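Data block below; observations after.
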Amino acid sequence: MITESAAPTTSQREPQDNQKSLRPSLFWRLGKPIPIRLDWALRTASVIVPLILWWALSSSGIVNPKFLPSPIDVMGAFGRLWAEGLFFDDLSASIFRVGSGFLLAAVLSIPLGISMGAFAAVRSLLEPIMGIVRYMPAPAFIPLLIIYLGLDEAPKIALIFIGVIFFNTLMIMDAVKFVPQHLLEATYTLGGSRRQTLMQVITPYVVPNIIDTFRINMAAAWNLVVVAELIAANEGLGKRIEIAQRFFRTDEIFAYLIILGVIGFLVDLSLRVLLKATCKWAVD
Amino acid sequence: MHLEVSGLHKQFATPQETIQALKDVNLHVEQGEFVCVVGASGSGKSTLLRLIAGLEMPTTGWIEVDGERVIGPGADRGMVFQDYTLYPWMTVQKNVEFGLKLQGIGKQERKEQASYYLGMVGLVEFAQSLPKQLSGGMKQRVAIARALTSQPKILLMDEPFGALDVQTKENMQQFMLELWERTGTSILMITHDVREAVFLSQRIYVMTARPGTVRAEIAVNLDKSRTRQTRELPQFKTYQDEVTAQLLVST
Ligand SMILES: Nc1ncnc2c1ncn2[C@@H]1O[C@H](COP(=O)(O)OP(=O)(O)O)[C@@H](O)[C@H]1O
Ligand SMILES: [Mg+2]
């Protein structure tokens with residue numbers, strides 16, 4: 001009855017003033033991809049536009065170049081640092097610290113996270129304490145770590161380990177909770193034991209989540225290594241930034257910041273590639 | 001094979017109330033039989049099947065397969081779920097092999113067995129596809145092949161075609177009958193579709209809702225080999241009306 005009475009009014013309307021329909025849009029479609037060329041154009045702009053703004057601001061003379069070096073100055077700083085040969089040492093020192101701290105945390109967080117997700121008993125035992133320790137800012141551990149472990153590599157690696165392990169574990173645990181119950185039950189009816197179900201169903205199911213977890217927490221690891229090196233180190237990217245500050249070399253600070261960003265971006269990218277290569281079933 | 005369900009009660013305790021899902025259910029399935037359980041939604045059909053599969057434990061009563069008490073899930077009772085539940089990271093071939101892998105059977109034999117059952121469900125050319133590349137009907141055929149590869153004594157199916165469109169559904173029913181004749185497997189299938197039950201089964205249990213009990217047992221004496229035309233037979237219609245009447249009585 002309602003539709004009948006509505007029919008005459010709609011037929012009187014002109015097609016173009018149909019204000020009830022959602023208008024098509026290229027930019028603002030919710031949750032839909034955009035054309036690939038537009039995508040790449042926007043991605044390029046995302047990097048180029050800030051570069052141009054930076055360049056324009058630094059060459060306008062508004063800001064003292066001591067504070068804001070131009071892109072050319074920063075390029076020069078790159079060259080200088082490269083020539084000095086320190087660059088490579090610093091880079092490899094930082095990469096070593098992040099790499100070993102993160103690897104340790106990763107190796108431990110996989111079994112921990114999976115068993116916390118799968119067994120309510122393990123979860124009850126570990127979740128409260130992890131929930132508390134997780135909120136203690138990792139950099140606040142630095143003084144303690146220096147007292148316990150000295151000034152060598154150990155405290156830096158330990159810091160990264162502490163800063164990453166809890167987040168890794170809790171995120172993997174959450175992923176395990178989302179393994180469909182039916183998949184586990186199907187496994188039991190195929191004769192699977194609990195152990196087989198854990199190793200051959202739950203674990204492969206969460207591999208994409210594990211890779212994603214690592215990707216996200218890798219950023220935290222890079223933050224922490226710089227913090228650690230700012231406070232106590234002889235080499236490393238953080239240390240170098242601290243020295244540059246002492247000599248007021250903003251161009252070098254910029255160069256190091258850019259390097260940190262690019263490394264992070266490349267690590268992120270390679271983990272994405274790894275995910276695409278190993279987990280075709282889970283992507284797109 | 002002989003499945004016996006006797007005096008089965010199942011209650012679920014929720015914070016608000018205790019739900020009596022099943023009340024004194026008795027039924028049996030014999031070797032090579034195709035039996036359907038029909039009932040309105042909420043009448044405890046899935047609960048019944050899950051109990052037989054060993055995924056839930058009875059409140060009272062018992063279930064026996066060949067005189068052995070069911071105390072948990074096992075490969076002797078294959079299960080096909082409504083929502084396919086394939087392993088999304090495994091190829092179709094690996095999915096079908098998986099039961100044998102769990103039982104520690106070698107690679108070569110696994111491959112041969114799986115290929116045999118994949119052939120039987122007509123999916124050989126999709127062996128290397130991922131489940132997400134298949135349609136609903138194909139996924140369900142993979143799930144059936146996966147369950148059959150473990151050579152269960154009985155195949156339990158919970159509304160396996162419930163999510164499929166009418167056309168695919170009828171094709172799957174025909175396919176299921178052929179599969180049943182070729183393998184001789186005993187099948188206990190749950191459905192809320194009366195036509196489906198009459199078309200497929202030799203016996204039908206009709207269940208009432210809240211609490212779920214068996215209201216009637218109806219033997220379907222149609223020819224064993226059934227086709228599209230079977231659905232047009234007057235006897236088919238009679239059985240359909242009889243089952244529907246029993247379903248209506250119960251509400
Ligand atoms: N795990 C559970 N906890 C609480 N109630 C449940 C559980 N499983 C099923 N039930 C209840 O038992 C009744 C029967 O459910 P089910 O066996 O799924 O019926 P059907 O498959 O016939 O639709 C429903 O009322 C449902 O809410
Ligand atoms: Mg159900």
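All figures in this text were calculated on a predicted structure; none of them were measured in a lab. Chain naming here is simple, since letters A, B, ... match the order of the sequence lines and numbering starts at 1 in each.
- The stretch residues 42-68 of chain B places B:Arg50, B:Ala53, B:Leu55 near chain A, each with some heavy atom under 4.5 Å from a heavy atom of that chain.
- Scanning residues 91-128 of chain A against chain B with a 4.5 Å non-hydrogen threshold yields no residues.
- Environment of CD1 in A:Ile36: sparse, with no more than 12 heavy atoms of neighbouring residues, nucleotides or ligands closer than 6.0 Å.
- One distance of note links CH2 of B:Trp89 with OG1 of A:Thr278; it measures 14.0 Å at 0.5 Å rounding.
- Across A:Ala186 and B:Tyr87, no two heavy atoms sit closer than the pair C-OH, 4.0 Å.
- If you measure heavy-atom distances from A:Thr187 to chain B, the contacts under 4.5 Å come from both the backbone and the side chain.
- Scanning both residues, B:Thr85 and A:His182, for their nearest heavy atoms gives CG2-CB, 3.3 Å.
- Only the side chain of B:Asp83 comes within contact range of chain A, judged by heavy atoms closer than 4.5 Å.
- In terms of heavy-atom pairs under 4.5 Å with chain A, the best-connected choice from B:Pro88, B:Pro152, B:Ala143 is B:Pro88.
- Within a 6.0 Å radius of CZ in A:Arg194, other residues, nucleotides and ligands contribute 12 heavy atoms or fewer.
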Could you go step by step and tell me if B:Phe98 and A:Gln200 meet the side-chain contact (heavy atoms from CB on, under 4.5 Å) rule? CA-CA 10 Å; B:Phe98 194 59; A:Gln200 298 184 46; 3.6 Å; yes
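- If you measure heavy-atom distances from B:Leu156 to chain A, you find no contacts under 4.5 Å at all.
- Residues satisfying the ring pair (Phe, Tyr, Trp, His ring centres under 6.0 Å) test with A:Tyr205, not counting sequence neighbours, are A:Trp281.
- Both the backbone and the side chain of A:Val201 have a heavy atom closer than 4.5 Å to some heavy atom of chain B.
- Using non-hydrogen atoms only and a strict 4.5 Å limit, the part of residues 102-114 of chain B facing chain A consists of B:Leu102, B:Gln103.
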